[in-house]
Each structure stands twice: as structure tokens, then as C-alpha cells.
Amino acid sequence: MTTIKVSVHTRDRLKRLADEDHLTMDAALSRVLERAEEARFWDGVRADYARLQADPGEWSDYVGELAEWDSTTSDGLTDE
């Protein structure tokens with residue numbers, strides 16, 4: 001265990017979240033951090049796609065590669 005310094009306001013907000021979800025403050029904080037990390041990841045993915053789409057040549061290459069991969073799903077085999 002460790003102690004971190006937070007304002008009373010922040011502590012109260014965390015406590016309220018924890019209480020509403022029937023969690024400990026540690027579990028509530030962990031959940032918030034996981035969601036923040038996931039949001040940051042998906043923001044990065046969206047930014048990467050935006051950069052890719054901004055370059056017509058690169059975007060065309062990407063779409064072409066997707067089409068090639070999509071053709072592998074029509075292999076004639078039945079689903080199991």
C-alpha cells in the first residue's frame with residue numbers, strides 16, 4: 001500500500017464513484033485508469049486512421065490490401 005496526495009474534492013469524487021458501483025476506492029480508481037488507458041488507445045487508433053486517410057496514395061494501398069485479405073474469406077470451405 002501507498003499513499004497519494006489528492007484534494008478533498010478528488011477524494012470525495014472517487015468515494016462517490018466507488019460507493020455507486022459498490023467498489024473499494026482502489027477498485028474504482030483502477031477501473032477509471034483502465035478506461036482512460038483504453039480511451040487513449042482508441043484515440044490513437046482514430047488519429048492513425050485519420051493520418052492514413054489524409055494521404056490518398058497510402059489510403060488506396062491500405063484499402064487494396066484490405067480487399068486482398070477479404071478475398072481469403074471466400075475459400076469455398078464451409079463453416080464448422
Side-chain angles (χ1 to χ4, degrees):
M1 284 287 186
T2 188
T3 301
I4 60 172
K5 291 184 179 190
V6 297
S7 68
V8 171
H9 178 70
T10 299
R11 184 211 50 210
D12 291 348
R13 289 174 61 205
L14 179 58
K15 177 82 169 107
R16 189 171 41 256
L17 279 176
D19 289 347
E20 288 173 1
D21 293 336
H22 308 288
L23 298 170
T24 64
M25 288 174 58
D26 179 65
L29 181 57
S30 181
R31 180 186 284 182
V32 167
L33 291 171
E34 287 171 13
R35 289 178 179 170
E37 290 167 343
E38 184 175 349
R40 184 172 287 182
F41 169 81
W42 288 113
D43 286 346
V45 168
R46 284 188 288 277
D48 289 344
Y49 271 104
R51 278 192 296 278
L52 188 60
Q53 288 175 328
D55 183 326
E58 290 294 322
W59 183 249
S60 177
D61 289 347
Y62 174 74
V63 171
E65 189 173 330
L66 283 180
E68 289 178 24
W69 278 104
D70 283 345
S71 69
T72 64
T73 61
S74 57
D75 56 12
L77 301 175
T78 59
D79 292 336
E80 294 183 23

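The figures that follow rest on heavy atoms only: side chains count, while hydrogens, waters and symmetry mates do not.
Here the CG-CD distance, from Asp48 to Gln53, works out to 11.5 Å after rounding to the nearest 0.5 Å. Atom CZ of Arg16 sits about 7.0 Å away from atom CG of Asp12, to the nearest 0.5 Å. Summarising the geometry, atom CD1 belonging to Ile4 is positioned 12.0 Å from atom CZ belonging to Arg11; distances are rounded to the nearest 0.5 Å. Between the CZ atom of Arg35 and the OG atom of Ser30 there is a distance of 10.5 Å, given to the nearest 0.5 Å. Leu29 contributes atom CG, which lies 11.0 Å from atom CG of Leu23 (distance to the nearest 0.5 angstrom). Taken to the nearest 0.5 Å, the CZ atom of Phe41 stands 10.5 Å off from the CG atom of Asp43.
Glu58 has its side chain out of reach of Arg51: every pair of non-hydrogen atoms, C-beta onward, lies at least 4.5 Å apart. No side-chain heavy atom of Trp69 sits under 4.5 Å from any side-chain heavy atom of Leu66.
A continuous path of ILVMFWY side-chain contacts below 4.5 Å connects Val45 to Trp59, so both sit in one hydrophobic cluster.
Nearest heavy-atom pair across Arg31 and Asp21 is NH1-OD2, 3.2 Å. Scanning both residues, Arg46 and Ala39, for their nearest heavy atoms gives NH2-O, 4.5 Å. Looking at every heavy atom in both residues, Tyr62 comes nearest to Leu52 through CG-CD2, 3.6 Å.
The side chain to side chain contact (heavy atoms under 4.5 Å, CB included) with Met25 is formed by just one residue from the set Asp19, Leu17, Leu14; it is Leu14.
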